[in-house]
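Following: one structure in structure tokens, then a few remarks.
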Amino acid sequence: MPREVNRVADADEPAPTRGSVVVPVESTPTLRATVTHLVESAADGEFSSIHFVVFATWRRDDPDIADRETSIDRLLERVSTWAEADLADVDGADVDDVEVVTAVVGADEYLFGADDYVRELSAYADEHGAETVVLDPEYTPVGNTTLLQPLEFALSSTDLAVRKAPVTRPSRGERLRKEATGIRFAATFGLSLAFYLALGDPLYWFDLASGVASAAIVAITLSRISLDADPSLSRTPVRLLRGAVYVPVLLFEILKSNLVVARVILDPRLPIDPTLNRIRVIVGSGLPVTTLANSITLTPGTLTVRARDGNLYVHSLIPWAREGLFDGSLERWTRFVFYGREAARLPTPRERDDIGIFQGPDATEEYPGARSDGGTRGEDDPVADGSADDDDAGGVTTE
Amino acid sequence: MIDAIGPVRLALVVAFSLLGLFFTFVSMTGVIRLPDVYSRAHTASQADTLGAGFTLAAVAIAAGWEGAGFKSLLLVFFIFVTNPTAAHAIARAAFEEGIVPWTEGDERR
């Protein structure tokens with residue numbers, strides 16, 4: 001799919017000083033991977049600041065631009081959330097002082113063709129001392145499907161170094177099958193063997209032999225699926241310790257909610273009021289979001305239905321459970337477990353306005369269903385925030 | 001039995017078994033009483049997590065730290081990981097099938 005025209009100008013020679021990079025973005029299936037690629041490059045010391053920019057397709061004084069501005073703000077917000085999560089996930093010497101900037105360019109005039117885009121891009125790059133432009137391979141600004149080629153061509157006339165992010169559209173198979181590495185194999189093998197011997201007798205030769213065989217089978221078949229990154233020797237023990245702090249907290253939450261929900265179930269006079277809700281969570285993809293989604297599901301009264309585009313769709317049984325969800329304590333705890341105490345200090349989803357209710361009298365958004373039941377609600381239009389069309393390209397999956 | 005584990009542990013075993021029974025009963029009631037697949041998935045998995053959790057905790061206390069007790073703790077861990085996963089799978093399948101969650105005022109189904 002990505003055309004192999006990577007015009008590697010002089011981008012590959014690492015600059016002596018770490019520069020800035022400008023990345024024009026729009027909502028594409030490869031955007032998520034492009035963000036990760038940039039964060040990894042930055043962590044490797046290539047860039048010190050990443051500028052994600054969106055071209056405005058309007059002029060500042062156009063009427064009715066509020067909607068378009070909102071959708072662009074959401075896009076940029078999503079991109080910086082992803083970048084932040086990736087920064088927390090990658091290892092790298094320079095990861096601590098990588099700066100992520102988002103901007104809207106070109107709101108001063110209408111942009112008609114590649115030359116206009118390039119002019120705006122160069123002006124922005126000059127202003128911020130950027131020497132490199134990285135393009136999302138599926139980037140086609142304003143729906144112009146033929147623009148990328150001329151954009152690359154037009155960029156070559158500037159003194160900006162241009163390259164395309166080496167990413168491809170995610171497919172189900174690829175998402176599940178990650179690279180096999182020795183470390184992942186060893187980790188899976190060791191963990192399986194330890195578990196086997198904990199159940200059996202570590203001193204009995206038969207248990208040892210069958211344990212090694214079973215662990216080998218598990219490691220061969222599953223090491224690429226169960227670990228999506230090499231376990232880090234420095235972070236894993238800390239995370240396990242913080243996880244051990246989290247477990248009693250979670251147990252208490254479960255017990256508390258269980259009593260409230262049990263009361264509602266057992267007492268016919270207390271009505272239930274279930275709704276489907278949306279909450280945009282700021283945790284990394286993979287294990288962190290799975291932990292959060294499972295914690296939400298474990299807590300009675302809330303059930304994670306879907307992870308889509310950085311959002312969790314959560315079904316709540318009673319308003320009490322929904323309000324607890326919007327207070328975001330589980331999200332903060334998950335961030336504490338994976339990223340530490342600093343990262344846990346963030347506004348609640350309610351304060352961030354990262355929430356939505358799809359149903360009932362308090363509904364704030366249209367029901368995003370796959371298909372409607374033909375009754376009272378909207379048809380099969382999966383628009384939640386204007387970008388839900390790239391369903392599985394989002395930052396989170398719970399598989 | 002009392003001789004084997006002493007009165008304190010026996011009391012704990014009885015208490016935890018009763019708690020386990022209570023939450024399993026809640027879970028069962030919920031499955032019968034609640035109106036649709038999503039709300040049933042709530043109670044079928046979650047109240048049950050605590051029901052099975054307390055029952056297994058009772059087993060662990062009765063069996064002691066050796067052998068069976070340790071294994072039942074591993075089972076608790078297993079249930080706490082797999083139960084929400086199964087509930088999510090059910091809810092997600094229902095969502096992808098286009099089943100809209102029941103809300104107040106809808107017919108029971």
Side-chain angles (χ1 to χ4, degrees), chain A residues 195 198-199 201 247 250-251 254-255 257-259 261-266 268 271-277 290 293-308 313-318 321 358-361 363 367-378 380 398-399, chain B residues 19 22-23 25-51 53-54 67 70-71 73-74 76-107 109:
Chain A
F195 180 69
L199 294 181
D201 179 359
V247 166
L250 181 63
L251 281 178
I254 291 172
L255 196 60
S257 315
N258 231 318
L259 289 174
V261 171
R263 179 132 191 269
V264 172
I265 289 176
L266 292 179
I272 60 163
D273 182 11
T275 54
L276 188 66
N277 317 289
T290 311
N294 257 12
S295 303
I296 288 175
T297 305
L298 262 176
T299 312
T302 50
L303 172 65
T304 310
V305 173
R306 194 78 169 81
R308 179 189 271 183
Y313 290 5
V314 181
H315 186 257
S316 66
L317 205 54
I318 48 176
F358 292 131
Q359 296 180 299
Y367 184 79
R371 285 187 296 275
S372 159
D373 63 350
T376 50
R377 294 181 192 80
D380 47 10
T398 47
E399 282 87 359
Chain B
L19 278 173
F22 170 73
F23 283 112
F25 176 75
V26 170
S27 164
M28 184 204 69
T29 314
V31 170
I32 296 171
R33 195 196 145 199
L34 292 176
D36 73 340
V37 58
Y38 295 97
S39 40
R40 285 185 175 132
H42 277 272
T43 176
S45 70
Q46 293 161 351
D48 205 41
T49 306
L50 222 46
F54 275 121
F70 174 67
K71 282 175 192 166
L73 281 186
L74 285 179
V76 173
F77 176 72
F78 182 76
I79 284 175
F80 270 76
V81 173
T82 51
N83 247 354
T85 311
H88 166 69
I90 292 171
R92 177 172 168 160
F95 183 77
E96 307 228 318
E97 273 300 300
I99 299 174
V100 176
W102 180 93
T103 49
E104 228 176 336
D106 285 5
E107 297 238 337
R109 54 183 128 103

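The sequence lines fix the lettering, A, B, ..., with proteins before strands; numbering per chain opens at 1.
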Kindly compute the distance separating CG (A/L317) from NE2 (B/H42), expressed to the nearest 0.5 Å.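 Result: 5.0 Å between the selected atoms.
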Calculate, to the nearest 0.5 Å, the distance between atoms CD1 and OG belonging to A/I265 and B/S27 respectively.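 Going from the CD1 atom of A/I265 to the OG atom of B/S27 covers 7.5 Å.
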Go through A/D273, A/I296, A/L251 and name the one with the most non-hydrogen pairs under 4.5 angstrom from chain B.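 That would be A/D273.
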Select, from A/V247, A/L276, A/L199, the one with the greatest count of heavy-atom pairs under 4.5 Å involving chain B.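 Option with the greatest count: A/L199.
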What part of [X] gets closer than 4.5 Å to chain A, counting heavy atoms only: side chain, backbone, both or neither?
X	answer
B/F54	side chain
B/T49	side chain
B/F23	side chain
B/I90	neither

Looking only at heavy atoms and a cut-off of under 4.5 Å, which of B/T85, B/L50, B/T29 has the most pairs with chain A?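 Highest number of pairs under 4.5 Å: B/L50.
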For chain A, which of B/A94, B/A87, B/P84 has the most heavy-atom pairs under 4.5 Å?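 Top option by heavy-atom pairs under 4.5 Å: B/P84.
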Indicate the atoms forming the closest heavy-atom contact of B/H88 with A/R306, along with that distance.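 For B/H88 and A/R306, the tightest heavy-atom pair comes out as CE1-N, 4.1 Å.
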State, to 0.1 Å, how close A/F195 and B/L74 come at their nearest heavy-atom pair, and which atoms those are.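 Heavy atoms of A/F195 and B/L74 come nearest at CE1-CD1, 3.8 Å.
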Contacting region of [X] [heavy-atom separation from chain B under 4.5 Å]:
X	result
A/T302	backbone
A/T299	backbone
A/V305	both

Quick one: does A/I254's side chain get under 4.5 Å of B/F80's, heavy atoms only?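 The answer is yes; the side chains approach within 4.5 Å.
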For a 4.5 angstrom cut-off between non-hydrogen side-chain atoms, does A/N258 reach B/F22?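 Side chain of A/N258 against side chain of B/F22, heavy atoms only: no contact under 4.5 Å found.
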